[in-house]
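Structure, as structure tokens:
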Amino acid sequence: MSEQYSCEFCSNYVYDEDYDEYSCVVSMDEDDAARLMQSKHMSCPYFSYGDEYKLAKKQ
């Protein structure tokens, strides 16, 4: 069973000051983007949990 993740928790979902909005910075081709938009149950293969604590441990 695939898990659903919210883009808000992904490290690839960043704020763009030029457009004043959040967007995904993953470089997807059109087929991948269309597949993600059409499927309700498919989880994003590019999801990476944005864990600041994990980064702090490496310092």
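Numbering of residues begins at 1 and proceeds along the displayed sequence.
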Handout entry: Which atom of Leu36 lies closest to which atom of Cys44, heavy atoms considered
Key = CD2-CA, 3.9 Å
Exercise for the section: Check for a donor-acceptor pair, side chain of Ser48 on one end and backbone N or O of Ser11 on the other, with a separation under 3.5 Å. Expected result: no
Problem - Test side chain to side chain donor-acceptor pair (under 3.5 Å) applied to Tyr19 - qualifying residues, sequence neighbours left out - result: none
Identify all side-chain donor-acceptor contacts of residues 21-30 below 3.5 Å with residues at least two apart in sequence or on another chain.
{"residue": "Asp29", "atom": "OD1", "partner": "Asp32", "partner atom": "N", "Å": "2.9"}

Handout entry: Partner set under side chain to side chain donor-acceptor pair (under 3.5 Å) for Asp18, not counting sequence neighbours
Key = none
Practice task
Applying ring pair (Phe, Tyr, Trp, His ring centres under 6.0 Å), name anything that partners Tyr46, two or more places apart in sequence or on another chain.
Solution key: none
